Novice: 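Questions regarding the structure given below will be posed in turn.
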Amino acid sequence: MLSLVGFILVIVMVALVIRGKIALPPILILLPTIAVLFLGLTGYLVPPKAEVAAPMDIVTCFKTLQTYLGSGLSSVLNTAALFTFAVVFFNVLADAGVFDFIVGKVMKYIGNNVSLVLLMTCLLTAISHLDGSGATTWLITAPTMLPLFNAMNISPIVLLLYIALVSGVENMLPWTSALARVSASTGLEARAIWSALIPAQIFGLVLLFVSCFIVGPMLKKRGAGMSDDEFEKMRSGMLQTKEPTLKVSKGVLYFDIIFLVCIVICLLKGWINTNVAFMIGLSVALIVNCKSAKEMTAQIKKHGANALNMVMIIFSIGMLVGVMKGSGMMEAMTNTLVGMMPESMGKHLSFIIAMLAVPLSMAVGSDTLYMVMAPIFGNMAAAFGGSMMAAACACTIGACVAVNLCLVAPTPYLALGLCGVEMKDNLKYCFIPTWVLGIVLALVATLTGAIPL
């Protein structure tokens with residue numbers, strides 16, 4: 001019964017996510033609650049302080065649920081703290097003009113070259129996506145680059161594809177919502193998942209940047225480009241960046257850039273935990289860039305709201321994870337699936353997941369892949385000698401690069417609106433290169449040991 005209820009819970013959850021009529025927190029909270037009440041009242045759960053399953057009254061059911069919730073929340077507290085401090089940290093630096101300053105410097109060296117325009121798109125996407133916010137990335141990059149793409153007769157769908165793929169690969173950073181969700185659902189450290197995926201992530205970014213010099217000439221042959229005079233006028237307009245919200249000196253600006261580089265290096269080296277890094281980082285950034293306690297509080301209020309929705313989702317994941325694990329549903333579902341899995345196929349499960357993760361994410365949504373399927377796949381892989389880490393890496397690669405193909409998430413539709421592209425054209429043009437990139441990154445992860453063959 002535990003297995004059956006678990007599968008019904010997953011199916012209903014996926015269906016509700018796909019329909020998009022209900023926000024994630026109610027889905028992740030109410031469905032597990034209903035499952036616990038049903039299993040508790042019918043005698044399939046172990047009551048508190050008991051050793052065997054037995055029927056419970058409704059009060060005892062809620063006490064049992066509270067036990068599960070406590071366990072689940074404790075597993076996601078670090079993730080919630082990381083996401084909150086990281087989002088505010090990057091937005092404080094953005095308000096200080098750090099990212100505008102970097103983009104402005106880069107723009108001075110770009111010429112009337114289609115390949116360099118694509119390269120600039122990749123650079124701007126990589127910079128704007130440092131905070132892991134897909135909406136922020138699209139709102140910064142698409143409006144900035146679209147006029148240049150239109151003037152140079154480059155299809156907006158090329159812009160859409162490059163922003164989606166670069167931000168998707170970069171979304172594997174440990175402070176992003178993607179790693180926050182898969183970390184919360186699997187119980188693995190976000191930094192540990194990232195460490196396993198670093199070679200694939202670096203390879204993916206290098207591949208995309210190099211591809212600019214291959215795709216550029218191809219677009220040039222199809223009529224892309226503009227006159228030198230037209231380009232100079234366009235570049236002058238792009239270099240007129242808006243005044244930063246926080247008025248800081250050049251010295252402070254340079255300090256912010258060096259400080260950001262130092263934090264990234266510390267994380268790469270594993271010298272400091274991500275939570276500690278961004279808690280200290282935000283504290284330093286507020287003191288250095290703000291002139292008063294009032295201004296610091298204003299920054300926290302302004303950008304803290306950006307993290308609230310994700311923090312609620314993370315805590316809701318805590319409810320789901322606590323119920324699935326505490327009730328025994330996760331173990332029962334795993335045992336059922338393992339019993340159905342041929343031995344010859346089971347040992348390659350993580351690799352198979354990695355190969356199919358892109359279309360799977362497109363169909364059911366990255367949220368479902370991160371929060372529901374990843375822990376199930378992880379337990380199945382472990383039963384055949386694999387690991388939860390390998391399954392988490394497999395799911396993360398596919399869901400990250402395919403995020404803009406997802407039919408059930410809001411951000412892709414924001415992207416389509418900003419670029420003036422329809423979803424059918426997005427799927428037609430972007431699906432194959434996205435899946436190919438996902439397979440390539442999975443192969444790199446396999447060669448580097450993150451995903452065993």
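Note that the structure is predicted; figures quoted are calculated from it, not measured.
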Novice: Going by heavy atoms in the side chains, are Gln299 and Asn289 under 4.5 Å from each other?
Specialist: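 Side-chain contact under 4.5 Å: no.
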
Novice: Do any side-chain atoms of residues 383-400 form donor-acceptor pairs under 3.5 angstrom with protein atoms, and if so which ones, sequence neighbours left out?
Specialist:
unit_1, atom_1, unit_2, atom_2, d
Ser387, OG, Ala390, N, 3.1
Thr396, OG1, Ala392, O, 2.6

Novice: To the nearest 0.5 Å, what is the distance between CD1 on Ile11 and CG on Leu16?
Specialist: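 The CG atom of Leu16 is 12.0 Å from CD1 of Ile11, to the nearest 0.5 Å.
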
Novice: Nearest 0.5 Å, what's the OG1-CD1 distance between Thr297 and Ile300?
Specialist: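 These two atoms lie 5.5 Å from each other.
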
Novice: On a heavy-atom basis, which atom in Thr434 and which in Val401 lie closest, and how many Å separate them?
Specialist: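 Minimum heavy-atom separation between Thr434 and Val401: CG2-O, 3.2 Å.
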
Novice: Is a side-chain N or O of Lys291 found less than 3.5 angstrom from the main chain of Met296, in a donor-acceptor match?
Specialist: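 Answer holds: no.
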
Novice: Are Phe278 and Ile272 side-chain neighbours, meaning at least one heavy-atom pair lies under 4.5 Å?
Specialist: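 They are not in side-chain contact.
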
Novice: Could you please spell out the steps behind the side chain to side chain contact (heavy atoms under 4.5 Å, CB included) verdict for Glu295 and Leu286?
Specialist: CA-CA 9 Å; Glu295 194 171 30; Leu286 288 172; over 6 Å; no

Novice: Which atom pair, heavy atoms only, marks the closest approach of Thr33 to Ile29?
Specialist: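 Closest approach of Thr33 to Ile29, heavy atoms only: OG1-O, 2.7 Å.
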
Novice: Could you tell me whether a side-chain N or O of Ser183 sits under 3.5 Å from a main-chain N or O of Ala180, the two making a donor and an acceptor?
Specialist: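 No; judged by distance alone, with no hydrogens or angles, the pair does not exist.
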
Novice: Spell out, as yes or no, whether a donor-acceptor pair under 3.5 Å connects the side chain of Ser361 to the backbone of Ala357.
Specialist: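 Checked: no pair found.
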
Novice: Side chains of residues 258-265: which donor-acceptor pairs under 3.5 Å do they make with residues two or more places apart or in other chains?
Specialist:
none

Novice: Let me confirm one number: the CE-CG distance from Met380 to Leu349, rounded to the nearest 0.5 Å.
Specialist: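 Met380 atom CE to Leu349 atom CG measures 5.0 Å (nearest 0.5 Å).
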
Novice: Can you name the nearest heavy-atom pair linking Val10 to Met324, along with the distance?
Specialist: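 Taking every non-hydrogen atom into account, CG2-CE, 4.3 Å.
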
Novice: Measuring only between side-chain heavy atoms, which start at C-beta, is Met13 closer than 4.5 Å to Leu320?
Specialist: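 SC-SC contact between Met13 and Leu320 confirmed.
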
Novice: With a 3.5 Å distance limit and no angle check, can you tell me whether Ser185 reaches the backbone of Val182 through a side-chain donor-acceptor pair?
Specialist: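 At least one qualifying donor-acceptor pair exists.
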
Novice: Run the side-chain contact (heavy atoms from CB on, under 4.5 Å) test against Ser167 and tell me which residues pass, sequence neighbours left out.
Specialist: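 Ser167 satisfies side-chain contact (heavy atoms from CB on, under 4.5 Å) with Thr125, His129, Thr137 once adjacent residues are dropped.
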
Novice: So, does Ser71 use its side chain to make a donor-acceptor pair with the main chain of Thr67 at under 3.5 Å?
Specialist: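 Checking the backbone N and O of Thr67 against the side chain of Ser71, no donor-acceptor pair under 3.5 Å is found.
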
Novice: Kindly indicate whether the side chain of Phe431, heavy atoms from C-beta on, has any atom under 4.5 Å from the side chain of Pro359.
Specialist: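 Sidechains of Pro359 and Phe431: in contact.
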
Novice: How many angstroms lie between CE in Met355 and CG in Leu360, if you round to the nearest 0.5 Å?
Specialist: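 CG of Leu360 is found 13.5 Å from CE of Met355.
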
Novice: Decide yes or no on side chain to side chain contact (heavy atoms under 4.5 Å, CB included) for Cys430 and Leu160, but give the supporting numbers first.
Specialist: CA-CA 9 Å; Cys430 300; Leu160 182 83; 4.3 Å; yes

Novice: Can Trp194 and Gln201 be counted as having a side-chain donor-acceptor contact under 3.5 angstrom?
Specialist: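 Side chains of Trp194 and Gln201: pair found under 3.5 Å.
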
Novice: What residue among Val92, Ile287, Asn91 forms side-chain contact (heavy atoms from CB on, under 4.5 Å) with Leu282?
Specialist: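 By the side-chain contact (heavy atoms from CB on, under 4.5 Å) criterion, Leu282 pairs with just one of Val92, Ile287, Asn91: Val92.
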
Novice: With no hydrogens and no angle check, is any side-chain donor or acceptor of Thr176 less than 3.5 Å from a backbone partner on Asn171?
Specialist: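 Yes, Thr176 side chain to Asn171 backbone: donor-acceptor pair under 3.5 Å.
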
Novice: Would you say Leu207 and Leu437 make side-chain contact, with heavy atoms under 4.5 Å?
Specialist: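 Contact flag for Leu207/Leu437 side chains = yes.
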
Novice: Kindly indicate whether the side chain of Leu173, heavy atoms from C-beta on, has any atom under 4.5 Å from the side chain of Leu179.
Specialist: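 Leu173 does not reach Leu179 side chain to side chain.
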
Novice: Any chance you could measure Ile352, atom CD1, to Ile451, atom CD1, to the nearest 0.5 Å?
Specialist: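 The CD1 atom of Ile352 sits 12.0 Å away from the CD1 atom of Ile451.
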
Novice: What closest approach, in Å, do Ala126 and Val166 show between heavy atoms, and which atom pair accounts for it?
Specialist: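 For Ala126 and Val166, the tightest heavy-atom pair comes out as N-CG1, 4.0 Å.
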
Novice: Taking all heavy atoms of Ala450 and all of Pro452, pick out the closest pair and write down the distance.
Specialist: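 Between these two residues, the closest heavy atoms are O-CD, 3.8 Å.
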
Novice: Apply side chain to side chain contact (heavy atoms under 4.5 Å, CB included) to the pair Cys419 and Trp138, showing each step before the final yes or no.
Specialist: CA-CA 9 Å; Cys419 294; Trp138 286 104; 3.9 Å; yes

Novice: How close do Ala35 and Met329 get, heavy atom to heavy atom, and via which atoms?
Specialist: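 Closest approach of Ala35 to Met329, heavy atoms only: CB-CE, 4.3 Å.
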
Novice: Has the side chain of Ser283 got a donor or acceptor atom that lies under 3.5 Å from a matching backbone atom of Met279?
Specialist: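 A pair under 3.5 Å: yes.
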
Novice: Any side-chain heavy atom of Val5 within less than 4.5 Å of one from Tyr44?
Specialist: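 Sidechains of Tyr44 and Val5: no contact.
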
Novice: Around atom CZ of Phe7, are there more than 12 heavy atoms from other residues, nucleotides or ligands closer than 6.0 Å?
Specialist: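 It does: Phe7 CZ has more than 12 such atoms within range.
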
Novice: Determine whether Phe377 and Ser350 make a side-chain contact, defined as any pair of heavy atoms from C-beta on separated by less than 4.5 Å.
Specialist: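 Result no, sub-4.5 Å side-chain heavy-atom pair not found.
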
Novice: To the nearest 0.5 Å, what is the distance between CD1 on Ile163 and CG on Leu146?
Specialist: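 Ile163 atom CD1 to Leu146 atom CG measures 8.5 Å (nearest 0.5 Å).
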
Novice: Show, in sequence, the C-alpha distance, side-chain angles and deciding distance for Tyr162 and Val215, and conclude whether the side chain to side chain contact (heavy atoms under 4.5 Å, CB included) test is met.
Specialist: CA-CA 11 Å; Tyr162 267 103; Val215 175; 3.4 Å; yes

